[in-house]
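When a ligand or atom number is given, it counts from 1 through the structure's own listing order. Remember, it's a predicted structure, so these values are computed and weren't measured experimentally. Position 1 is the first residue of the sequence; numbering continues from there.
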Amino acid sequence: MRWQGQTLDADDGALPGLERAGFVRSVQTPEFEGVTFHEVLCKSALNKLPESSGLSFKWTINPMRGCSHACRYCFARTTHEYLDLDAGRDFDSQIVVKTNVAAVLRRELHRRSWRRETVALGTNTDPYQRAEGRYRLMPGIIGALTDSGTPFSILTKGTLLRRDLPLLTQAARVVRVGLAVSIAIGEQDLHRSLEPGTPSPRARLDLVRALADAGFSVSVLVAPVIPYLTDGTSHLDELFAAIADAGATSAVAFPMHLRGSTRGWFLEWLATHHPALLRRYRQLYGRGAYVTPEYSAWLRGRVEPLLARHGLNRDTVAESAPPEHEDRLSEPDPQLALFA
Ligand code: SF4
């Protein structure tokens with residue numbers, strides 16, 4: 001059995017935040033060196049967004065908390081602090097898994113009151129991060145949504161989504177299925193440094209191709225754009241060209257936000273790898289989380305013609321201030337803006 005080598009820790013060390021989340025046990029396995037899975041039993045699977053979210057969907061599902069994709073800029077980091085875990089390394093390596101999420105979801109979708117409104121996945125942490133290979137939560141979730149006639153969307157950086165492509169193709173015959181892939185960085189070294197746990201940009205472009213070949217209209221989230229590192233014309237132009245060539249139908253881009261603990265985590269990286277940029281970042285972000293309106297406008301002016309040139313201009317650069325997070329615990333994931 002694939003997971004034979006796993007070791008189980010007794011549930012004697014759960015933090016209070018994890019206890020609140022329905023902690024069952026912690027698991028470490030040689031296949032996931034440095035990662036601890038905290039298995040929990042959730043009480044609900046569907047999260048309702050506040051009316052003020054301004055998004056085109058009202059419901060989300062987050063099968064896990066924390067994300068081993070470990071993007072330095074990830075806006076969801078702050079949510080880990082509500083589990084009494086930290087927003088830096090813990091977010092990358094202490095992954096909370098709702099092992100019963102599919103069963104709970106199926107129950108919720110069978111309620112008479114359920115109105116079959118669109119449900120979004122990938123709005124907080126990535127449902128196809130590596131842990132999904134171990135826990136296989138998504139087939140049950142996709143099955144429950146399809147059987148109940150509920151349209152849904154998935155946004156991911158995880159090429160593991162390919163595993164479920166036959167299931168998604170079947171689902172799309174019954175309900176509306178939106179698929180989007182996130183590719184913020186085209187340059188290899190920067191990708192490895194800033195998104196160390198994610199599949200390569202090439203692998204994600206291949207995923208776009210596979211989804212397009214299967215008949216899906218694929219959107220690509222080229223975000224966040226990282227000021228002075230990924231906002232160059234040649235970087236954006238080459239990335240958009242590759243995305244169009246892979247068969248995507250649209251792309252969207254918007255600048256990086258640095259809110260809460262993500263700010264310190266990202267700036268620590270910047271100080272190590274690009275110290276010369278620190279002063280410019282202080283000017284660009286000041287004490288706040290968002291870039292200046294001038295930078296947003298400048299980026300929009302740069303991106304729009306490039307998207308048009310590559311036929312990807314269904315959406316353009318989003319406003320720098322995204323809507324409130326679904327559970328108001330933290331900054332929303334940039335992925336939310338894709339569907340706004
Ligand atoms: S940005 Fe998305 S893929 Fe990256 S760590 Fe955050 S949730 Fe995971």
Those atoms of ligand 1 less than 4.0 Å from some heavy atom in [X]:
| X | result |
| --- | --- |
| Thr125 | 7 (S) |
| Lys157 | 1 (S), 2 (Fe), 3 (S), 4 (Fe) |
| Cys74 | 1 (S), 5 (S), 6 (Fe), 7 (S) |
| Asp126 | 3 (S), 7 (S) |
| His69 | 3 (S), 8 (Fe) |

request  = Show your working on side chain to side chain donor-acceptor pair (under 3.5 Å) between Glu81 and Ser261 and close with a plain yes or no.
outcome  = CA-CA 9 Å; Glu81 292 169 345; Ser261 305; 2.4 Å; yes
Is it the case that the side chain of [X] and the backbone of [Y] share a donor-acceptor pair, with hydrogens and angles ignored and the cut-off at 3.5 Å?
| X | Y | answer |
| --- | --- | --- |
| His38 | Gln94 | no |
| Arg77 | Ala87 | yes |
| Glu108 | Ala45 | yes |

Closer than 4.0 angstrom: is that true for some heavy atom of Asn124 and an atom of ligand 1?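 Checking ligand 1 against Asn124, which is what was asked, there is a heavy-atom contact under 4.0 Å.
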### Task
Using non-hydrogen atoms of the residue, decide whether Ala70 is closer than 4.0 angstrom to ligand 1.
yes
Determine, for Phe32 and Arg134, whether the Lys NZ or Arg CZ falls below 6.0 Å from the six-membered ring centre while staying within 45 degrees of the axis.
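Here Arg134 fails the 6.0 Å and 45° test against Phe32.
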- Task: Assess Cys67: does it contribute an N, O or S atom lying under 2.8 Å from atom 8 (Fe) of ligand 1?
- Result: yes
Quiz item: Out of Pro127, Cys42, Ser44, which one pairs with Val101 under the side chain to side chain contact (heavy atoms under 4.5 Å, CB included) rule?
Solution: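 Between Val101 and the candidates, side chain to side chain contact (heavy atoms under 4.5 Å, CB included) is satisfied uniquely by Cys42.
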